[in-house]
Amino acid sequence: MTEFLFRDDSYLQSTPATVIAVTPEGGVVLDRTVFYAASGGQPGDNGRITRADGSVVAIATAIHPDGDKTQIVHVPAEGQALPAVGEAVVAEIDWDRRYKLMRMHTALHLLSVVFAYPVTGGSIGEDKGRLDFDMPEAPDNLAELEQALNELAGRNLAVTHEWITDAEMEANPGMIKTMNVKPPMGQGRVRLIRIGDVDLQPCGGTHVRNTSEIGRLALGKIEKKGKQNRRVSLVFVE
């Protein structure tokens, strides 16, 4: 089993690790990692694995193999020489990219507070993110909503995580904002992300420690994606 270090500290940029498997497809499995695997609309981290001899294996992304959320496979870029099982390495993420994703992921949690509709989907990018809402019409007070969003981010709210049991999650379905994606269960516990006194929801992604790190935000396009589905884009204001 791989230890997911980013769950407890999303600011860790590197870690020593040991190769515990190499998949038939050429993926590398470590005993511990700082790489987030693509899930919940957040893309997998890229970065590198440095071998004991100083050579570098470029990692293009990280994935959960066959959707198994208990495992992470580091997917090398093409043409890389793979480390051997048992080899001691150092895994390091592309921090600049990860930090942007953390800021945007946290911002989308706030967007789900300002737009009080059920969430039907989402995607997180370095400069842009979006949430799809079960929302029959676009609100006519978008300027006010954008202002409210930035006011929340500017409140310097602490972003923390905590755990509850699967049974507690089942007893509190109102915490789940996403209609089509359920929180990962079956491992005995579920991770919650709390943003000050404004939001609490299950989420396995990476986030900043304080909303003050997000920066100024602007609402982008609102697109119709179905009879009652509206896609709301969010961008950073440089």
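What you see below is based on every heavy atom in this structure, not just the backbone, and it leaves out hydrogens, waters and symmetry mates. Along the sequence shown, residues carry numbers from 1.
Under the 4.5 Å side-chain criterion, counting only non-hydrogen atoms from C-beta, Leu110 is in contact with Ile195. At a threshold of 4.5 Å between non-hydrogen side-chain atoms, the residues Arg48 and Ile59 do not count as touching. Within the 4.5 Å cutoff, side-chain heavy atoms of Phe236 are placed close to those of Ile214.
Inspection of the His74 and Thr33 side chains reveals an N or O donor paired with an N or O acceptor under 3.5 Å. Using a 3.5 Å distance cut-off with no hydrogens or angles, the side chains of Thr206 and Gln42 do pair a donor with an acceptor.
Residue-environment remark: CG (Asp66) stays at or below the threshold of 12 foreign heavy atoms within 6.0 Å. Atom CZ of Arg97 has more than 12 heavy atoms from other residues, nucleotides or ligands within 6.0 Å. No more than 12 heavy-atom neighbours from other residues, nucleotides or ligands sit within 6.0 angstrom of CD on Glu78.
Closest approach of Gln80 to Val56, counting heavy atoms only: OE1-O, 3.7 Å. The minimum heavy-atom distance linking Ile20 with Val85 is given by the pair O-CG1, 3.9 Å. Across all non-hydrogen atoms, the minimal contact from Thr106 to Met102 is OG1-O, 2.8 Å. Scanning all heavy atoms of the two residues, the minimum distance from Arg191 to Gly205 falls at NH1-O, 2.8 Å. Nearest heavy atom pair, residue Ile72 against residue Val29, reads O-CG1, 3.9 Å. When all heavy atoms are compared, the tightest approach of Leu149 to Ala107 is CD1-O, 4.3 Å.
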Table please: side-chain donor-acceptor pairs of residues 139-146 below 3.5 Å, with sequence neighbours left out.
| residue | atom | partner | partner atom | Å |
| --- | --- | --- | --- | --- |
| Glu146 | OE1 | Leu219 | N | 2.9 |

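Checked for salt-bridge contact, Asp94 and Lys100 miss the test: no charged N lies under 4.0 Å from a carboxylate O. A salt bridge is absent between Asp127 and Arg103: the closest approach of a Lys/Arg side-chain nitrogen to an acidic carboxylate oxygen does not fall below 4.0 angstrom. Taking a cutoff of 4.0 Å between a charged side-chain nitrogen and a carboxylate oxygen, Arg98 and Asp96 do not qualify as a salt bridge. Salt-bridge annotation for Arg51 and Glu87: present, with a side-chain N of the basic residue lying under 4.0 Å from a carboxylate O of the acidic one. Ion pairing between a basic and an acidic side chain is recognised when a charged N comes within 4.0 Å of a carboxylate O; Arg230 and Glu223 show no such pairing.
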- Please assess Gln71 against Thr2 for the test side chain to side chain donor-acceptor pair (under 3.5 Å), listing each intermediate value before the final yes or no. CA-CA 6 Å; Gln71 299 187 55; Thr2 300; over 6 Å; no
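No single ILVMFWY cluster, assembled from side-chain heavy atoms under 4.5 Å apart, contains both Val73 and Val89. Side-chain heavy atoms closer than 4.5 Å link hydrophobic residues (I, L, V, M, F, W, Y) into clusters, and following such links, even through other members, never connects Ile63 to Leu30.
Taking the side-chain contact (heavy atoms from CB on, under 4.5 Å) definition, one finds that Ser39 meets it with Tyr36, His64, Lys69, sequence neighbours left out. Ser212 pairs by the side chain to side chain donor-acceptor pair (under 3.5 Å) definition with Asn210, not counting sequence neighbours.
Between the side chain of Ser112 and the backbone N or O of His109 there is at least one donor-acceptor pair closer than 3.5 Å.
A cation-pi arrangement is not found for Arg231 relative to Phe133, the charged atom failing to lie both closer than 6.0 Å to the ring centre and inside a 45° cone about the ring normal.
Between Trp95 and Tyr11, the ring-plane angle classifies as tilted under the 30° and 60° cut-offs.
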